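Because the structure is a prediction, the values reported are computed rather than measured.
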Amino acid sequence: MREPIDPLTLLQWYDRHARIMPWRVSPGDRCAGVRPDPYRIWMSEVMLQQTTVAAVKEYFVRFTRRWPSVTDLAAAKDADVMGEWAGLGYYARARNLLKCARVVADEYDGIFPDTHDELLKLPGIGPYTAAAVSSIAYDLPETVLDGNVERVMSRLYDVHTPLPLSKPELMTLAQALTPQERAGDYAQAVMDLGATICTPKNPACGLCPWRDPCKGRLAGTHVELPKKVPKKKKPIRLGIAYIARRVDGAYLLETRPDKGLLGGMLGWPGSEWIEGVPVEAEPMKAQWKVIEGEARHTFTHFHLRLIVKTALVPMDRSPDTGEFMPLEEFRPSDLPTVMRKAFDLATGGSKTTSKDAPRSRAK
DNA sequence: GAAACGTGGCG
DNA sequence: TCGCCAAGTTT
């Protein structure tokens with residue numbers, strides 16, 4: 001061991017190579033005394049849970065423009081927050097985001113707590129996010145252990161124990177490296193390293209500030225680390241979605257229950273999604289017509305093939321399930337992606353991806 | 001500890 | 001087409 005693994009080496013790399021993000025205070029500005037806004041750090045960290053930076057950026061800008069402070073967010077309507085989150089996935093995050101904002105506004109005077117333990121009590125904040133907010137927003141020497149840090153530590157110390165069994169060991173190693181000074185920049189630096197240099201495939205070891213002391217690279221095993229327990233294969237489920245349009249243009253929609261898949265989101269009424277043949281579940285009496293093709297979508301633990309049926313219904317008939325939403329209140333972008341795919345199939349392939357179009361009237 | 005929980009990009 | 005992966009948390 002000729003050369004110790006030094007956090008300062010990484011900080012120097014970060015000073016030159018830090019990525020620019022809408023929520024980030026660059027190391028230069030940080031040095032000049034600029035402090036990050038804990039509200040923005042918290043929001044970015046929740047959005048970044050299991051989600052790529054590229055996907056998050058747009059949502060982050062949109063959310064913080066619409067709700068600039070935690071008290072603004074706490075006062076928002078549930079449906080507005082869920083609609084704004086639509087498309088980002090893992091919708092329990094949006095429900096917990098709002099819950100957390102209301103707790104911070106009501107019980108913490110609108111100020112996020114700074115300690116790991118206190119942050120951990122808040123909805124939607126687990127060990128990673130608590131450490132991220134504590135270190136990045138408040139510069140306390142907490143250690144973040146996300147997928148990037150797991151990969152970097154596994155390679156740096158040539159850990160062959162598979163995840164998630166190796167987590168405690170990786171945490172110990174990561175904590176030992178965490179500096180007392182510049183803890184926030186250091187946390188972001190390890191994650192930037194993992195995201196841009198120490199990548200899952202084709203790591204750019206030639207550019208790595210920790211190239212020389214890296215035990216995995218020395219052993220030649222780095223590319224196969226971290227080891228992971230094999231994943232299960234995804235079954236295929238089938239379902240039917242019903243898209244009813246009233247003659248005045250209103251669509252029949254339902255708000256899904258808070259628990260479970262797509263909880264709290266807007267969606268088309270439909271059958272259960274099961275591995276066998278789905279049972280018809282028409283939300284109202286009508287001339288239902290099958291649309292040719294199917295909407296395909298993959299969730300975390302199953303593939304879905306969704307048959308879509310449509311109907312045009314008169315004004316004087318009420319549904320058994322769901323409610324008609326006036327055309328001027330309906331934005332396809334408020335739907336989770338699978339529901340938007342069903343809508344696109346029903347309306348003839350025109351893609352509806354933009355959140356830019358405002359509701360034609362607010363009320 | 002295991003399973004549930006979304007989505008899009010990439011090889 | 002398909003599996004892997006991305007700044008995890010909750011139950």
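Between A:His297 and B:dT7 there is a side-chain polar atom (N or O) within less than 4.0 angstrom of OP1 or OP2. Side-chain nitrogen and oxygen atoms of A:His301 include none within less than 4.0 Å of the OP1 or OP2 phosphate oxygen of B:dA3. Residue A:Thr337 places at least one side-chain N or O closer than 4.0 Å to OP1 or OP2 of B:dG8. Side-chain N/O atoms of A:Gln49 include none lying less than 4.0 angstrom from OP1 or OP2 on C:dG8. A close approach under 4.0 Å does not occur between any side-chain nitrogen or oxygen of A:Tyr90 and OP1 or OP2 of C:dA6. Phosphate proximity of B:dA2 to A:Lys232: absent, as no side-chain N or O sits under 4.0 Å from OP1 or OP2.
Taking the ring centroids of A:Trp23 and A:Phe60, they lie under the 6.0 Å cut-off. Remark: aromatic rings of A:Tyr251 and A:Phe343 are close, center separation under 6.0 Å. Ring to ring, A:Tyr242 and A:Trp288 are close: their centroids are under 6.0 angstrom apart.
The stretch residues 123-134 of chain A touches DNA chain C through A:Pro123, A:Gly124, A:Ile125, A:Gly126, A:Pro127, A:Tyr128, A:Thr129, each having a heavy atom within less than 4.0 Å of the strand. Only A:Gly260, A:Leu261, A:Leu262, listed by number, bring a heavy atom of residues 257-273 of chain A to less than 4.0 angstrom from any atom of DNA chain B.
Within 4.0 Å (heavy atoms only), A:Arg24 reaches at least one base atom of the nucleic acid. Using a 4.0 Å heavy-atom criterion, one finds that A:Gly87 contacts the sugar-phosphate atoms exclusively.
With respect to the salt-bridge test (charged N to carboxylate O, under 4.0 angstrom), the residues A:Arg182 and A:Asp185 qualify. Under a 4.0 Å N-O distance rule, the pair A:Asp78/A:Arg102 qualifies as a salt bridge.
Considering only side-chain atoms of A:Asp146, the nucleotide from C:dA7, C:dC5, B:dG6 that sits closest is C:dA7. Side-chain proximity of A:Pro200 to C:dA6, B:dG8, C:dA7: nearest is C:dA6. Nearest to the side chain of A:Arg93, among B:dG6, C:dG3, C:dA7, sits B:dG6. Picking from C:dG3, C:dC4, B:dG1 the nucleotide with the shortest atom distance to the side chain of A:Lys231 gives C:dC4. Residue A:Met191 has its side chain nearest to C:dA7 when only C:dA7, C:dG8, B:dG1 are considered.
Along DNA chain C, the nucleotide nearest A:Leu122 and the nucleotide nearest A:Lys234 are compared for position; the residue whose nucleotide lies closer to the 5' end is A:Lys234. Remark on DNA chain C: of its neighbouring residues A:Leu120 and A:Thr52, the 5'-side contact belongs to A:Thr52, judged by nearest-heavy-atom nucleotide.
With sequence neighbours excluded, the residues satisfying ring pair (Phe, Tyr, Trp, His ring centres under 6.0 Å) with A:His297 are A:Phe299.
The neighbour count for A:Asp109 CG, taken as heavy atoms of other residues, nucleotides or ligands under 6.0 Å away, does not exceed 12. Within a 6.0 Å radius of CD in A:Gln287, other residues, nucleotides and ligands contribute 12 heavy atoms or fewer.
Atom name C1', nucleotides C:dA7 and B:dA3: the rounded distance is 22 Å, in whole Å. Here the separation of C:dT10 from B:dG1, taken at their C1' atoms, is 14 Å to the nearest Å. Atom C1' of C:dC5 sits at a distance of 13 Å from the matching atom of B:dG6, rounded to the whole Å.
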